[in-house]
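Here is the structure we will look at.
Whatever order the structure lists them in is the order used to number ligands and atoms, beginning at 1. Residues take their numbers from the sequence shown, with the count starting at 1.
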Amino acid sequence: MILPTRAPARYFQGWDYLELWVGNARAFSGWLASAFGFDIVAYAGPETGCAERASYVLEQGAIRFVITAALGPASPIADHVRAHGDGVRDLAIRVSSATAAYDAALARGAVGVIPPWTEEDDSGKVTRATIAIYGDTQHTFVERSAYMGAFLPGFSAEAALLPPSPGGPPVDLRLIDHVVANVYRGALDRWVDFYRGTLGFEEMVHFDDAQISTQYSALMSTVVWDGSRVVLPINEPADGPRKSQIQEYLECYGSPGVQHIALATDDIVASVKALRSRGVRFLTVPDTYYEDARSRLSGIDVPWGALQELGILVDRDQDGYLLQIFTENVSDRPTVFFEIIQREGATGFGAGNFKALFEAIERAQERRGHL
Ligand code: FE2
């Protein structure tokens, strides 16, 4: 079949923002500022002419989050929070033309949520358009070349409207490295087809359940990307002796959705020290992991002592190595979490760690006689 139009990905220019819909935007934003070192730079709410919701814009490096909550029970945001708990609603992508990207997506089979709309204020205009993806999640295309304001029309950077800025050591997170989705069992291929066929992404790598499985958990994963900065691993659960962690997510989130957001740093040791001192907690790593890793990854010049002390994981692929660490869940449900990652050439996602980490946990359990 010859597709009728240029692929939407041809208009993509990287991430614009990730929007989370939460129960209490002011508290969630304040916590991301104090624990993760984000700056809160803009606000929209009743004081700025937006009666139904409160939104805070958080920035760090090139990372931008929008944290939004409902101001009344009739809001679709309240419905979303009731269904999913706090979660990621929108993966917004900057585009050269929102209308062209939206028209191309619909012509190639995407489901439209909001057709192109334009908002204006004294700082210029922004055109956006929104399509549906997995679960209740969506992509908004953001065309903002003609806009000079703080974020979007309707948002204010007035200090009195923003929560006070907490202090703390710099975390220096730089950019969004990848955003991971969990989808239902059997749906992975369909979503890979959607990203490739409809949006014009490419498949970067596939991991099957033989590569990512332990006694605890099995999953399959395919990574799609736009060839530039928008990198989207997609997981589906696979059979294992126990419930896949992906299945647990799907049951607790109530639908497919975003599992984790990976944020890149140039110095993960410094970033994780700062995050830990600000109170961020990470998954703990047994010492057996490092015994294993030092032999599995011998020859890599990394500060093993600091990595072990901080719980940072190491993985290698044909292009180099990467360092990564995963936070505890950041909402009440065991659903969304963050990853901090430093890439030294490696283009992978730490698949070696999944197996090594969980097998290390199993060995530690065995030592205690708990397996
Ligand atoms: Fe990841």
Side-chain angles (χ1 to χ4, degrees), residues 15 18 20 36 60-63 65 87-88 91 133-134 137 173-183 188 191-192 195 201 203-209 211-214 216-226 229-238 244-246 248-250 253 256-266 268 271-272 275 280-285 289 293 307 310-317 319-331 334-358:
W15 290 112
L18 303 183
L20 284 78
F36 286 85
Q60 184 167 177
I63 304 158
F65 291 156
V88 179
L91 313 182
I133 51 172
Y134 41 79
T137 321
L173 301 175
R174 309 288 266 202
L175 49 86
I176 295 168
D177 188 89
H178 58 274
V179 180
V180 180
N182 287 341
V183 301
L188 177 59
W191 284 106
V192 171
Y195 275 99
F201 280 46
E203 184 172 321
M204 184 187 272
V205 62
H206 173 78
F207 305 100
D208 64 30
D209 51 345
Q211 289 164 287
I212 311 184
S213 71
T214 71
Y216 285 105
S217 201
L219 62 91
M220 293 199 285
S221 187
T222 299
V223 184
V224 293
W225 69 319
D226 70 342
R229 295 183 204 128
V230 180
V231 179
L232 304 172
I234 305 169
N235 301 326
E236 74 168 30
S244 169
Q245 61 169 269
I246 310 306
E248 183 195 34
Y249 171 100
L250 292 166
Y253 196 69
V258 170
Q259 178 210 40
H260 74 266
I261 299 167
L263 304 172
T265 170
D266 293 336
I268 196 168
S271 292
V272 171
L275 289 164
V280 175
R281 287 207 303 215
F282 297 91
L283 293 186
T284 55
V285 187
Y289 170 84
L307 300 184
L310 293 165
I312 296 166
L313 309 176
V314 191
D315 197 20
R316 168 160 67 183
D317 63 21
D319 302 314
Y321 68 93
L322 62 82
L323 306 170
Q324 63 184 167
I325 190 168
F326 300 94
T327 70
E328 293 183 339
N329 292 119
V330 298
S331 78
T335 52
V336 184
F337 57 90
F338 292 114
E339 171 184 349
I340 310 299
I341 184 167
Q342 177 183 345
R343 293 187 180 279
E344 294 299 332
T347 54
F349 298 88
N353 277 329
F354 189 92
K355 194 160 185 151
L357 177 63
F358 282 85

To the nearest 0.5 angstrom, please state how far the OH atom of Y195 sits from the CG atom of D226.
->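 Between Y195 OH and D226 CG, I get 11.0 Å after rounding to 0.5 Å.
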CZ of R229: more than 12 outside heavy atoms within 6.0 angstrom?
->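 12 or below, so no.
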Look only at the side chain of [X] and the backbone of [Y], and say whether a donor-acceptor pair between them is shorter than 3.5 Å.
X    : Y    : value
Q60  : L173 : yes
N235 : V180 : no
D177 : A262 : no

Nearby protein N/O/S atoms (those under 2.8 Å) for the Fe ion (ligand 1), with water ignored =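 Under 2.8 Å from the Fe ion (ligand 1) - ignoring waters, which are not counted - the protein N, O or S atoms are H178 NE2, H260 NE2, E339 OE1.
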With F65, which residues qualify under ring-ring contact (aromatic ring centres under 6.0 Å, His included), at least two apart?
->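 F65 satisfies ring-ring contact (aromatic ring centres under 6.0 Å, His included) with F38, F338 only.
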